Amino acid sequence: QILLEDAGLAVDGAAEEPEALRLVGAGGYALVLMDVQMPGMDGLEATRRLRLLPACGALPILGMTANARTEDRQRCLDAGMNDFLAKPFHAQSLVATVQRWCPGRAGKD
C-alpha cells in the first residue's frame, strides 16, 4: 500500500474476500491487485466472481503470488486476471505494471 501511495495512487484495502468483492463490485476502481493465495476464498475464485459483476468486466485485475511458475501465471490468466506479479517484486516493477494498466494514474518519482 505504501509503495502505491508513494507513487501517487489512492489505495483501498480489504482484509477478507467478501469485503473485497463488495467494494470492487460497487464500482469506482481503476485496478485490482489480487493476492492469489488469500485465506478462505483464493484469488482465482475471487477473480472469477468479480468478472461476473457488471462493474468488473473490463476492470484490470493483477495477480500477485509467490508461485511464479509458468503454470501459475496461466492459472491467473485463465481465471480472468489481466497480468501477474511474482513476489517478491521491486517497487519499480509494481508501479510500472500499474502504470501499464492504468496509464496516467501513477507518476510521482
Side-chain angles (χ1 to χ4, degrees):
Q1 183 171 341
I2 293 169
L3 295 173
L4 295 172
E5 288 172 346
D6 285 349
L9 297 164
V11 178
D12 288 333
E16 296 183 0
E17 304 79 20
E19 179 185 11
L21 293 173
R22 181 183 55 75
L23 287 171
V24 176
Y29 289 94
L31 180 136
V32 172
L33 288 175
M34 181 70 71
D35 188 349
V36 175
Q37 298 170 323
M38 296 185 298
M41 180 191 314
D42 69 21
L44 300 173
E45 181 60 26
T47 297
R48 289 185 198 100
R49 291 185 186 195
L50 284 174
R51 288 296 183 218
L52 296 174
L53 302 174
C56 301
L59 180 68
I61 300 175
L62 310 181
M64 297 189 315
T65 182
N67 296 330
R69 300 174 307 207
T70 302
E71 54 268 20
D72 296 312
R73 178 180 174 79
Q74 191 59 51
R75 287 182 345 151
C76 289
L77 298 175
D78 290 346
M81 294 180 187
N82 299 88
D83 209 341
F84 174 93
L85 285 163
K87 296 187 239 178
F89 51 81
H90 295 288
Q92 298 90 341
S93 297
L94 174 62
V95 173
T97 302
V98 169
Q99 286 177 327
R100 185 169 45 253
W101 289 102
C102 296
R105 296 271 182 166
K108 284 174 38 179
D109 291 277

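Note that this is a predicted model, so its numbers are computed, not measured.
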Hey, which of Q74, R69, R75 is the one that makes side chain to side chain donor-acceptor pair (under 3.5 Å) with E71?
-> R69
How many angstroms lie between OG1 in T65 and CD in Q37, if you round to the nearest 0.5 Å?
-> 3.5 Å
Under 4.5 Å between any side-chain heavy atoms of L31 and L9, yes or no?
-> no
Non-hydrogen atoms of L23 and G13 that approach each other most closely | CD1-O, 4.3 Å
Would you indicate whether the side-chain heavy atoms of V95 and L3 approach each other to under 4.5 Å?
-> no
Among N82, I61, L77, find the residue that satisfies the side chain to side chain contact (heavy atoms under 4.5 Å, CB included) test when tested with T47.
-> I61
Cluster check W101, F84: I/L/V/M/F/W/Y, side chain < 4.5 angstrom = no
Take R73 and D83 through the test salt bridge (Lys or Arg N to Asp or Glu O under 4.0 Å) and record every step on the way to the result.
-> CA-CA 8 Å; R73 178 180 174 79; D83 209 341; 3.7 Å; yes
Closest contact, heavy atoms only, Y29 versus D12 | OH-OD2, 2.7 Å
So does L52 have more than 12 non-hydrogen atoms from other groups sitting under 6.0 Å from CG?
-> yes
Does any N or O in the side chain of R51 come within less than 3.5 Å of the main-chain N or O of L59, such that one atom is a donor and the other an acceptor?
-> yes
May I ask you to test the F89-T97 pair for a side-chain heavy-atom distance under 4.5 Å?
-> no
Are L44 and C76 close enough that some pair of their side-chain heavy atoms sits under 4.5 Å apart?
-> yes
How far apart are the closest heavy atoms of A30 and C102, and which atoms are they?
-> O-SG, 3.4 Å
Note: G25 and C56 closest approach over all heavy atoms is CA-SG, 4.2 Å
Is a side-chain donor or acceptor of D42 paired with a backbone partner of V36 at a separation under 3.5 angstrom?
-> no
Note, K87 side chain near D35 side chain (heavy atom, < 4.5 Å) = yes
